[in-house]
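First listed ligand is number 1; within each ligand, the first listed atom is number 1.
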Amino acid sequence: MNSSSIPGKPLNSIVEACPPSGIRRFFDIARQMEGVIALGVGEPDFVTPDVVRIAGIKAISDGLTGYTSNSGLLELRTAICNYLERAYGVQYSPDHECLITVGVSEGLDLALRVLVNPGDEIIVPSPCYVAYLPGIEFVGGVPVTVETAAETGFAIDPEAVERAITPRTKALLIASPANPTGAVQPAHVLQQLVNLAVKHDLYIISDEIYERLCYDSSTLCLGALEGARNRTVILNGFSKSHAMTGWRVGYCCGPEHIIALMTRIHQYTMLCAPHLSQVAATVAMNEADSAVQLMISDYRARRSVFVTGLNDLGLECKMPGGAFYAFPSIRSSGLSSQDFAEKLLFEEKVAVVPGDVFGPGGEGHIRCSYAASVASLKEALERLQGFLQRYRASGNSSL
Ligand SMILES: Cc1ncc(COP(=O)(O)O)c(C=O)c1O
C-alpha cells in the first residue's frame, strides 16, 4: 500500500448503508438550473424578522462571541418555558428540563441517542421527515413504520400503532403538524397515542417544529397531555416559525433525567448552540409574535391558492392543516414519484420532492413546499398544467 492510498479497513457499516437524502439531490440539481421555481426545500422564503436580525447584529457588536453554558442562555430557556406555560399550560423548569440545541436536528439526535439501545424499536408514522429513519438507524435502533394514508388526511391510527408494538418497542416518534404531509393530528388521537405509551411503558419523542404553523385549529404541546409529561421529550426550534433556518437554534424539554443525559452528550459533542443565535432566539421568543403572525397569515393564503390549484389540476390533495407542505397524489399521472419529480424539473423547471423519499406511504405523491410567493405558486401551477396535459395527450396517464 503506498502512503497516499486510502486505508482498506471498512468504515462504519450503518452510515455506509444509509442512502444520501433524496431532498438534497433534487435541491442540488435545481440550484444549477436557471428559472427554476423551487418548491423542493422545506424552508421559509421570508428572511428572519427585523427585530431578531437586529438583535443578532447587536450581539456581534457587543462581542457576544464566546461559548454559553452547555444548556444554553438562561434567558432563552426561561423565555421558552414561559411560552410553553402561557400557550399550553405545561410547566418545565428552565434550570433542569430545557436544553438549547443546534436546531431540532441536534435535539432529535440527542433524544434518540439517550433513549435507544441497539435493537430497540422505534415506531414512526410514515410518510415522515427524512431524518427520522436514518437517525434511528445511526444509534443502532430499528425503525418500525406505521403507514398513514391520504384518504384519511394522513391521520395516525392508534390501533395500527398498537399492532406494531412488540416487547422491543422503546418509543414513538411523532410530529404534528408533520413533514411532508402537513397533517395535524387531532388532540384525541394524540391522547390515544399517549395512552398507548403509558399502557406499554414507552417513551415519546414529539417533534413540534411546526407547532406555530397551524391554520385551521391550534395544535398542542404533547407534554401537556395527561400521562405524557414524564415520558415525553418535546423538540422545537426557530427554523420554521421564525424563518431562522440558518441560525441553527432549537430546544428540547422533557423529564430532568433525560434532559441531563442529552446535555451530557451535547456538552462533549457540541458544547453549546451558537451564542449570537441564542441571543437572537431570545428576542424571537419575546418580541417577534406579530412578525410570526404575519408569516402565518401569508402561509394560510398561499395554502389556499396552491392546494385549490392542485385539486383543480386533478392532483388530489386534502387541505393540510399545518406546516407549509402540500403532498398531493400524482397517481393519476401514471408516473412514479421519482419520474414525476425528475421530468417536472427538467421539462418545466419546477422543483418538488418525490414522495418515496419520505418512507412507506410516500410513493404516488410529491411534496411541494408552498413557502413561496403567490406569483411563483401560480406560475408553478401553470407549468404543472402544461406538464400534465402533455402526459395526458401522450396517453401516459388516466387523467
Ligand atoms: C419535521 C422536521 N423536524 C426537524 C427539522 C430540522 O429542523 P432544524 O432546522 O431546527 O434542525 C425539519 C426541517 O425540515 C423538519 O421538517
Student: Would Glu75 and Thr282 count as having a side-chain donor-acceptor pair, cut-off 3.5 Å?
Tutor: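 Looking only at side-chain atoms, Thr282 and Glu75 do not form any donor-acceptor pair under 3.5 Å.
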Student: Centres of the Tyr299 and Phe46 rings: under 6.0 Å?
Tutor: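 Yes - the distance between ring centres of Tyr299 and Phe46 falls below the 6.0 Å cut-off.
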Student: Which ring pair (Phe, Tyr, Trp, His ring centres under 6.0 Å) pairs, counting each pair once, include a residue from residues 84-104, with sequence neighbours left out?
Tutor: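 Found none.
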Student: Do NZ/NE/NH1/NH2 and the carboxylate oxygens of Lys349 and Glu379 come within less than 4.0 Å?
Tutor: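 Looking at Lys349 and Glu379, the cut-off is not met.
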Student: Who else is in Val374's hydrophobic cluster (ILVMFWY, side-chain heavy atoms under 4.5 Å, direct or via others)?
Tutor: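 Listed partners: Val305.
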Student: Name the residues with a heavy atom less than 4.0 Å from ligand 1?
Tutor: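 Ligand 1 is contacted, at a heavy-atom distance under 4.0 Å, by Gly103, Val104, Ser105, Tyr129, Tyr132, Asn179, Asp207, Ile209, Tyr210, Ser239, Lys240, Arg248.
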Student: Using distance only, find each side-chain donor-acceptor pair of residues 351-358 under 3.5 Å and give its atom names and separation, not counting sequence neighbours.
Tutor:
residue: Asp356; atom: OD1; partner: Ser337; partner atom: OG; Å: 3.4
residue: Asp356; atom: OD1; partner: Gln338; partner atom: NE2; Å: 3.1
residue: Asp356; atom: OD2; partner: Gln338; partner atom: NE2; Å: 3.3

